[in-house]
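Have a look at the structure below, then the notes.
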Protein chains: 2
Amino acid sequence: MTSSAQAEARRPRRPSGGPESLLDKAVLEFNARGYDATSMEDLSRAAGITKSSFYHHFAGKEALLRAALERALDGLFSALDDPPGVEPAVGPSERLRRIVTRQVRVLMDDLPYVTLLLRVRGNTPTERWALQRRKAYDAEIAALVRAAVDAGEIRAGVDPALAARLLSGLVNSVSEWYRPGRRGTASLPEDVARAIFAGVLPAADPA
Amino acid sequence: MTSSAQAEARRPRRPSGGPESLLDKAVLEFNARGYDATSMEDLSRAAGITKSSFYHHFAGKEALLRAALERALDGLFSALDDPPGVEPAVGPSERLRRIVTRQVRVLMDDLPYVTLLLRVRGNTPTERWALQRRKAYDAEIAALVRAAVDAGEIRAGVDPALAARLLSGLVNSVSEWYRPGRRGTASLPEDVARAIFAGVLPAADPA
DNA sequence: GTCGCCTGACCGATCGTTCGGTCGGAGAGC
DNA sequence: GCTCTCCGACCGAACGATCGGTCAGGCGAC
């Protein structure tokens, strides 16, 4: 670094803020109105530039969607593995508990991106590609649930396929109401995990 | 009935099948592609008539949505009350259990309509109206959850507001994967209720 | 004839996208 | 220090396509 200008040079000359900032704003618009109902003019207005300027940073509307879904999927799959340095879980049930808490955290951190992913319908090749990757993720969860049932860690009579669907539904539903900055959400990942294993409305212990 | 033709006369001269059949087909298209991404031409093609013929039965696209959402909301609210002749539940917890099972049944019976409702974003006055009615429904559920916690029927430490959201999320997630005609879904309403009160993955009893 | 149902042709508006051109800061040459 | 050139960011105008919706009329049953 011969001068500080080298590091500072990343600052854009105009107020757009670069592709990352544009993507952030676009995803918010997509979530507010829905992808199809959001026009390129909506996006450029939210970004403070003209429609044609937007095409200088992104190839088109679908490229924007692709970039957003990619980020969401990467986040999701990162929840499958323990962070480096952590000793592996003892059984499938404990592994599931860790995944659930991590997935909720991903959902909270990348809320707009994951929300967008969860609403994809499959209208375009990009959307179908995302749907397929999401299906692969769900299959991993389902396999773990099956392993936990087979290991005898789960009460007899629970259908693994149904349990896996309800588990995903419960976890993902957080995206429909969680908003960052809410008080009392620091324990949300653990709260959701507790709801999975003990019930959303567990009966009171007989006093 | 002076002749058998009288009963048969309901059969249309042309293949449309009347407003109800049109609404059924339209809702299926809405769910497959999303409301905004579905054009009136898609709808008329699915119904086997031309676009302009469609306007003979419905005032427009939004009227179609309104009729569908109305049906979904009526179904939802019908789950709040016991059917006539049934003695009332003893406590809020038992009342919640009955509502959950009935709501799942409504979801299974009117799957496309409820699915459409659960995806509404609020872009038009009709959508905002539906969102408002749905919010009122959720408030009823939340009040019941609070009552169950206050009555001491739920394990101490459970946050009523969070529990109500997770409950709705778990129940409504059924719409994302349930398809009529699946085997082993006769017990689904009770299975979901069990997951709410005992957990999606309840720990095995120590043998 | 009349009425219910249906049709093809057409409307203005808006869609995602493209294109030619403007603007201003950065770097090179002197 | 002062030009000259370059280039990335930006813009206005317009493209063909498609959108939701309209309209005047045809056709068959009663």
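So you know, we letter chains A, B, ... as the sequences are listed, proteins then strands, and number each from 1. Keep in mind that this is a model prediction, so the values were computed, not measured.
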(message) Is the phosphate of dC5(C) approached by His56(B) (side-chain N or O, under 4.0 Å from OP1 or OP2)?
(response) yes
(message) Could you tell me how far apart Ile49(A) (CD1) and dC23(C) (C1') are, to the nearest whole angstrom?
(response) 16 Å
(message) At less than 3.5 Å, do the side-chain atoms of Thr50(A) and the base atoms of dG12(D) form a donor-acceptor pair?
(response) no
(request) Rounded to the nearest angstrom, tell me the gap between atom CZ in Arg66(A) and atom P in dG16(C). (result) 20 Å
(message) Please determine whether a side-chain nitrogen or oxygen atom of Ser53(A) lies at a distance below 4.0 Å from atom OP1 or OP2 of dA9(D).
(response) no
(message) Output the rounded distance in Å from NE2 (His57(A)) to C1' (dC7(D)).
(response) 14 Å
(request) Side-chain contact test, heavy atoms from C-beta onward, threshold under 4.5 Å: evaluate it for Val106(A) versus Gln103(A) and give yes or no. (result) no
Using a 3.5 Å cut-off and no angle test, enumerate the donor-acceptor pairs between side-chain atoms of residues 84-93 of chain A and protein atoms at least two apart in sequence or in another chain.
none

(message) By the ring pair (Phe, Tyr, Trp, His ring centres under 6.0 Å) test, which pairs, at least two apart or in different chains, include something from residues 23-49 of chain B?
(response) Phe30(B)-Tyr35(B)
(request) Measure the distance from CG on Leu22(A) to P on dG8(D) and round it to the nearest whole Å. (result) 17 Å
(request) Please state how far atom OH in Tyr55(A) lies from atom P in dT17(C), giving the value in whole angstrom units. (result) 4 Å
(request) Mind calculating the distance between CG (Leu64(A)) and P (dC15(C)) to the nearest angstrom? (result) 16 Å
Please produce a list of atom pairs where a protein N or O lies less than 3.5 Å from an N or O of nucleotides 15-19 of chain D.
none

(request) Just jot down the side chain to side chain contact (heavy atoms under 4.5 Å, CB included) partners of Asp191(A), sequence neighbours excluded, or say none. (result) Ser187(A), Arg194(A), Leu162(B)
(request) Return each pair, listed once, that meets salt bridge (Lys or Arg N to Asp or Glu O under 4.0 Å) where at least one residue sits in residues 75-84 of chain B; pairs must be two or more places apart or across chains. (result) Asp82(B)-Arg98(B), Asp82(B)-Arg102(B)
(request) Please state how far atom CZ in Arg45(A) lies from atom P in dC11(D), giving the value in whole angstrom units. (result) 14 Å
(message) For Asp24(B) and Ser21(B), which I'm curious about, is there any donor-acceptor pair between the side chains at under 3.5 Å?
(response) no
(message) Nearest whole Å is fine: how far is dG20(D) P from Leu65(B) CG?
(response) 13 Å
Using distance only, find each side-chain donor-acceptor pair of residues 70-77 of chain A under 3.5 Å and give its atom names and separation, not counting sequence neighbours.
unit_1, atom_1, unit_2, atom_2, d
Arg71(A), NH1, Tyr113(A), OH, 3.4
Arg71(A), NH2, Asp110(A), OD1, 3.2
Asp74(A), OD1, Arg133(A), NH2, 3.2

